[in-house]
Amino acid sequence: MGSGRAAWDAAAPSSLESRFFADDGLWRSAPLLTGQSSFDPLPDVRNIMVTGGEGFIASWLVRHLVVKYPEAYTVISFDKLDYCSSRHNSRMLEDRPNFHFVHGDVTCQTDVVDCLKRFKIDTIFHLAAHTHVDLSFGNSYAFTKNNVLGTHVLLESAIGVGTVTRFFHISTDEVYGEVDTEKGDLKEHSLLDPTNPYAATKAAAEMMVTAYARSFKIPAVVVRMNNVEEIIPKFTNLLQREMPLFIHGDGKHTRRFLYAGDGADAFDTILHRGELGQVYNVDSRDELSNFELAKKLLDTFGLTDTDTWIQWTRDRPFNDRRYAVDGTKLRKLGWVQRVSFEEGLTATVDWYSKFSGWWGPVDNTLLAPFPVLKGGHVVAPETSRKTERSATVGAQVDGGATLNGETACNGVEAGSKKRKVGLMA
């Protein structure tokens with residue numbers, strides 16, 4: 001398990017329980033992945049709290065700061081451990097004296113204040129959030145609670161404790177909404193126009209940060225992150241299991257892709273060179289449609305029959321055709337996108353070929369075309385995968401938990417637009 005100190009942090013009193021503490025040892029053979037940048041440490045930064053620190057993107061930042069600044073910064077990964085997090089992401093750090101893991105929930109002020117006080121936090125990177133647009137359509141109350149209320153609790157707690165001198169709020173390019181192909185890339189002053197519940201809650205959280213910066217002088221920075229898409233790991237895992245790829249709608253929706261290590265470098269650059277009170281876009285120049293991405297992955301696996309390996313399903317209630325942000329402001333601070341799309345794709349496929357069990361059993365949950373979120377966990381759809389896709393291609397979208405903990409029932413069954421293909425679970 002590592003040092004006694006790390007074990008104590010993980011077992012510290014918390015308002016939560018989780019099945020995610022199980023250790024299957026998979027992480028022991030995994031490479032310790034970080035970004036590439038490094039700066040002279042800031043003299044007034046000592047103790048950094050990263051909320052959602054066991055999630056995919058945040059864990060890259062945690063590992064990066066712990067490894068690159070071993071004498072300068074102590075990093076606290078604060079995470080409640082739900083469907084988008086894994087303790088595997090930081091277990092390899094547990095013997096390092098400048099790392100701590102705390103099991104806590106950003107919506108619980110007791111958890112947050114305890115962490116802020118115990119570790120004398122001076123810097124917060126706030127990445128904890130419910131993610132994935134698909135899940136938000138059928139579970140919007142849970143997104144509001146975690147993304148908006150969680151940010152509110154963190155801001156109030158920071159004011160109350162009084163030690164926080166830097167607050168980095170990590171948002172998303174999706175707050176800008178859909179960008180037409182004939183329009184230029186959006187800069188930081190562009191209008192926010194979210195089109196789905198996930199993006200709306202992230203925009204609302206930004207408004208909380210902006211309001212607290214003006215009213216209470218919270219020293220805040222907002223970072224709008226380009227896509228570090230979950231679609232690539234999802235598609236890779238499907239192909240590894242010899243399962244076809246599901247594409248929403250007509251497959252022409254495009255996204256710009258950024259390697260997670262470049263994302264960690266962006267956060268590092270903003271920490272050391274950014275200006276408080278500013279907004280920074282993190283962009284990418286690699287734009288592909290979902291269909292183009294699927295074809296590239298099929299090529300990687302040596303598969304040529306697109307009719308067999310690509311299946312079409314209904315679209316989201318609304319699916320932004322395109323996101324496009326301008327990261328010139330960040331690039332002026334010295335950040336560059338180092339890893340090309342092809343390099344990142346190759347590295348990602350190779351990594352998942354060795355560690356496909358990293359996120360636990362996902363075959364009938366996260367890999368479903370329309371996953372179901374219940375009680376903070378993605379669960380198996382009620383409709384079996386043994387059913388022909390002409391009848392159903394995935395999940396019933398569960399209403400999830402409301403803000404008062406009650407369950408809303410508004411499931412909608414997904415329908416297939418493709419020919420019949422039987423697939424065993």
Side-chain angles (χ1 to χ4, degrees), residues 51-52 55-58 80 82-85 105-107 126-152 154 169-179 186 190-209 222-234 248-249 253-258 263 281-282 290 314-325 365-366 368-379 394-403 408 410-412 414:
T51 68
F56 175 60
I57 298 174
K80 74 175 183 178
D82 62 7
Y83 68 93
C84 52
S85 54
D105 185 345
V106 291
T107 67
H126 179 36
L127 290 90
H130 263 28
T131 60
H132 307 330
V133 173
D134 289 339
L135 294 174
S136 75
F137 285 115
N139 221 302
S140 57
Y141 288 134
F143 277 70
T144 301
K145 178 181 178 181
N146 284 274
N147 299 355
V148 184
L149 178 61
T151 301
H152 193 178
L154 197 60
H169 177 75
I170 311 306
S171 189
T172 171
D173 60 356
E174 295 189 35
V175 298
Y176 293 116
E178 186 175 71
V179 181
L186 301 181
S190 300
L191 177 71
L192 303 190
D193 188 22
T195 61
N196 59 70
Y198 162 67
T201 61
K202 294 297 287 185
E206 279 196 33
M207 297 301 100
M208 294 298 299
V209 174
V222 172
V223 182
R224 294 176 185 147
M225 188 80 175
N226 198 93
N227 286 283
V228 182
E229 279 281 343
E230 71 274 3
I231 190 175
I232 295 178
K234 183 172 183 173
H248 295 162
H253 305 81
T254 66
R255 297 294 183 264
R256 295 183 178 184
F257 296 90
L258 184 72
N281 288 334
V282 183
N290 291 336
R314 68 173 175 84
D315 209 347
R316 296 166 173 172
F318 187 87
N319 195 350
D320 293 313
R321 279 286 175 182
R322 179 174 181 262
Y323 302 119
V325 299
T365 55
L366 286 172
F370 293 92
V372 178
L373 181 63
K374 289 185 178 180
H377 302 288
V378 178
V379 300
Q396 289 185 344
V397 182
D398 179 69
T402 65
L403 290 177
N410 58 344
V412 179

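Values below: all heavy atoms of this structure, side chains included; hydrogens, waters and symmetry mates excluded.
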Novice: Partners of T254 by side chain to side chain donor-acceptor pair (under 3.5 Å), sequence neighbours excluded?
Specialist: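 Result, side chain to side chain donor-acceptor pair (under 3.5 Å) vs T254: E287.
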
Novice: Any side-chain heavy-atom pair from Y198 and H130 closer than 4.5 angstrom?
Specialist: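 Not touching, per the 4.5 Å side-chain cut-off.
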
Novice: Going from NZ on K145 to CG on D105, what distance comes out if it is rounded to the nearest 0.5 angstrom?
Specialist: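 Here the interatomic distance stands at 7.0 Å.
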
Novice: Of N281, L258, L127, T172, which meets side-chain contact (heavy atoms from CB on, under 4.5 Å) against M225?
Specialist: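 That would be L258; it is the only one of N281, L258, L127, T172 passing the side-chain contact (heavy atoms from CB on, under 4.5 Å) with M225.
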
Novice: Let me confirm one number: the CG-OG1 distance from L154 to T51, rounded to the nearest 0.5 Å.
Specialist: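 The CG atom of L154 sits 6.0 Å away from the OG1 atom of T51.
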
Novice: Once you round to the nearest 0.5 Å, how far does CZ of R322 lie from CD of E178?
Specialist: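 It comes to 10.0 Å.
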
Novice: Closest approach of M208 and V148, non-hydrogen atoms and distance?
Specialist: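 That would be CG-CG1, 4.5 Å.
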
Novice: At their closest point, which heavy atom of G52 faces which heavy atom of A58, and how far apart are they?
Specialist: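 Looking at all heavy atoms of both residues, the shortest contact is O-CB, 3.0 Å.
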
Novice: Evaluate the side-chain proximity of Y176 to L192: yes if any heavy-atom separation is below 4.5 Å, no if none is.
Specialist: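 Yes. Closest side-chain heavy atoms under 4.5 Å.
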
Novice: Take N147 and K202 through the test side-chain contact (heavy atoms from CB on, under 4.5 Å) and record every step on the way to the result.
Specialist: CA-CA 6 Å; N147 299 355; K202 294 297 287 185; 4.2 Å; yes

Novice: Find out whether R224 and E174 are in side-chain contact, i.e. whether some heavy atom of one side chain is under 4.5 Å from a heavy atom of the other.
Specialist: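 No, their side chains stay 4.5 Å or more apart.
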
Novice: Looking at every non-hydrogen atom in both residues, tell me the closest pair between P194 and A200 and how far apart they are.
Specialist: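 So the minimum-distance heavy-atom pair works out to CB-N, 3.6 Å.
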
Novice: How many angstroms lie between CG in N146 and CG in D82, if you round to the nearest 0.5 Å?
Specialist: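 Spacing of CG (N146) from CG (D82) equals 7.0 Å.
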
Novice: Suppose we screen for side chain to side chain donor-acceptor pair (under 3.5 Å). Which residues come up paired with T151, at least two apart in sequence or across chains?
Specialist: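 For T151 the side chain to side chain donor-acceptor pair (under 3.5 Å) partners, ignoring immediate neighbours, are H126.
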
Novice: Which atom pair, heavy atoms only, marks the closest approach of A128 to V106?
Specialist: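 So the two residues come closest at CB-CG1, 4.0 Å.
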
Novice: Residues in side chain to side chain donor-acceptor pair (under 3.5 Å) with N226, at least two apart?
Specialist: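 By the side chain to side chain donor-acceptor pair (under 3.5 Å) rule, N226 matches no residue at all.
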
